[in-house]
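Since the structure comes first, as structure tokens, the remarks are kept for the end.
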Amino acid sequence: MKQLDIRSLDLNLLKALDALLDERNVTRAAARLGVTQPAMSGILARLRENFDDPLFARAQRGIVPTPRALELAQPVRKVLSDIGALLQPPVFDPASATLDFSIAATDYALRAIAVPFLAALKQRAPHVRVALASVEDGPLQERLERGETDLALTSPDDTPPGLHARQLFDERYVCALREGHPAAAGKRLSLKQFCTLDHALASYAGDPFHGVTDDALTALGMRRRVTLSVKRFLILPEILRASDMVAIVPYRLVAGVEGLRLLEPPLEIPGFTKIAAWHERTHRDPAHRWLRELLFATCGRER
């Protein structure tokens with residue numbers, strides 16, 4: 001028996017064989033495939049050559065399959081079915097999905113973005129696991145390329161080039177101090193009063209006692225008294241609740257935090273923009289697209 005070479009087998013031949021097995025009639029099989037009867041006869045000739053078997057014999061009404069053709073019927077249908085499934089766009093069902101999703105973020109972004117996202121995710125996709133990591137754990141570009149990180153919550157200036165990105169929100173700063181603080185009686189601090197208070201500052205790099213607020217004060221010819229500098233935003237609410245210090249902090253970091261009073265700063269302080277960035281490798285994946293859209297929906301509104 002002739003050995004079949006898969007490299008010479010046309011997928012359309014398998015579709016034609018399946019149609020002939022179903023219709024048992026060359027004319028009807030040709031109509032089903034949208035080809036002429038002479039073309040179908042040519043396809044049947046190629047099938048016979050490839051499988052080294054007549055495959056069909058003429059009958060009083062149409063054609064009848066040979067034993068070899070009957071043997072091929074089920075495997076051919078399975079191959080066509082598997083290929084059809086392969087070509088279908090993947091479907092993501094959040095309710096049953098079990099994938100892992102990794103997010104790199106600053107501690108501020110974890111509080112402001114990841115917390116509401118995780119609450120919504122647990123309701124819609126309870127079996128999806130999320131790994132939260134710091135953006136400082138290694139080169140972000142490489143982590144995204146290698147698949148160690150799926151999504152980065154960062155700022156435009158800190159985002160490597162060549163990534164997909166979407167703006168999440170523009171953040172503003174507020175003045176936070178404890179409930180019952182002597183300076184918390186009014187709706188707003190005076191600039192002079194603001195400068196005389198003890199300030200806490202979160203500083204990631206550079207001068208630990210100088211930040212964007214100090215730049216704004218310098219432009220006005222004034223200074224404040226920064227008596228505490230920390231590397232992480234998340235500790236500030238605890239420090240403020242336990243002291244008479246004040247801090248200029250991003251609104252989303254302290255919104256809804258019990259025991260704190262939020263006031264508008266007594267001077268203009270430029271805010272910042274948060275974005276989500278991801279690599280091309282996950283850009284079109286249905287699961288990652290769904291997860292990103294959920295994150296955009298949960299963090300896009302100010303709490």
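Bear in mind that the values here come from a model prediction, so they are computed numbers and not experimental data.
Residues forming a salt bridge (charged side-chain N to carboxylate O under 4.0 Å, His left out) with D244 (at least two apart in sequence, or on another chain): R178.
A heavy-atom distance below 4.5 Å is found between the side chains of P270 and V212. A heavy-atom distance below 4.5 Å is not found between the side chains of M222 and F194. In this structure, the side chains of C175 and L189 come closer than 4.5 Å at one or more pairs of heavy atoms. Residues L17 and L72 meet the side-chain proximity criterion, which asks for heavy atoms closer than 4.5 Å. Using a 4.5 Å heavy-atom threshold, the side chains of T149 and I103 count as separate. Side-chain contact between V246 and L263: absent, with no pair of heavy atoms (C-beta onward) separated by less than 4.5 Å. For the pair T273/Q167, a side-chain contact is recorded, criterion being any heavy-atom separation below 4.5 Å from C-beta on. For the pair R48/F56, a side-chain contact is recorded, criterion being any heavy-atom separation below 4.5 Å from C-beta on.
Within the structure, side chain to side chain donor-acceptor pair (under 3.5 Å) contacts touching residues 120-134 (residues at least two apart or in different chains) are D100-R129.
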What's the verdict on salt bridge (Lys or Arg N to Asp or Glu O under 4.0 Å) for E142 and R146, showing C-alpha distance, side-chain angles and the deciding distance?
CA-CA 6 Å; E142 295 179 13; R146 292 196 298 260; 3.3 Å; yes
Give the intermediate values and the outcome of salt bridge (Lys or Arg N to Asp or Glu O under 4.0 Å) for residues D198 and R224.
CA-CA 8 Å; D198 285 336; R224 63 174 176 166; over 6 Å; no
Test side-chain contact (heavy atoms from CB on, under 4.5 Å) on R32 and E23 and set out the steps.
CA-CA 9 Å; R32 174 169 160 179; E23 302 293 345; 3.4 Å; yes
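Residues H210 and D207 bring no donor and acceptor atom of their side chains to less than 3.5 Å of each other. T282 and D285 are not linked by any side-chain donor-acceptor pair at a separation below 3.5 angstrom, with hydrogens and angles left out of the test. Neither side chain, D215 nor T218, offers a donor N or O lying under 3.5 Å from an acceptor on the other. Between the side chains of W278 and H283, at least one donor N or O sits under 3.5 Å from an acceptor N or O.
Dense packing is recorded around CZ of R281, with more than 12 heavy atoms of other residues, nucleotides or ligands lying under 6.0 Å away. Counting heavy-atom neighbours within 6.0 Å of R223 CZ, excluding the residue itself, gives a total of 12 or less.
The ring-ring contact (aromatic ring centres under 6.0 Å, His included) with Y173 is formed by just one residue from the set F272, Y251, Y108; it is F272.
The existence of a salt bridge linking R172 and E268 is excluded, since no basic side-chain nitrogen approaches an acidic carboxylate oxygen closer than 4.0 Å.
A cation-pi arrangement is present between R252 and F169, with the terminal nitrogen or guanidinium carbon under 6.0 Å from the aromatic centre and inside a 45° cone about the axis.
Residues V64 and L70 fall into different hydrophobic clusters, defined by Ile, Leu, Val, Met, Phe, Trp and Tyr side chains chained together at heavy-atom separations under 4.5 Å.
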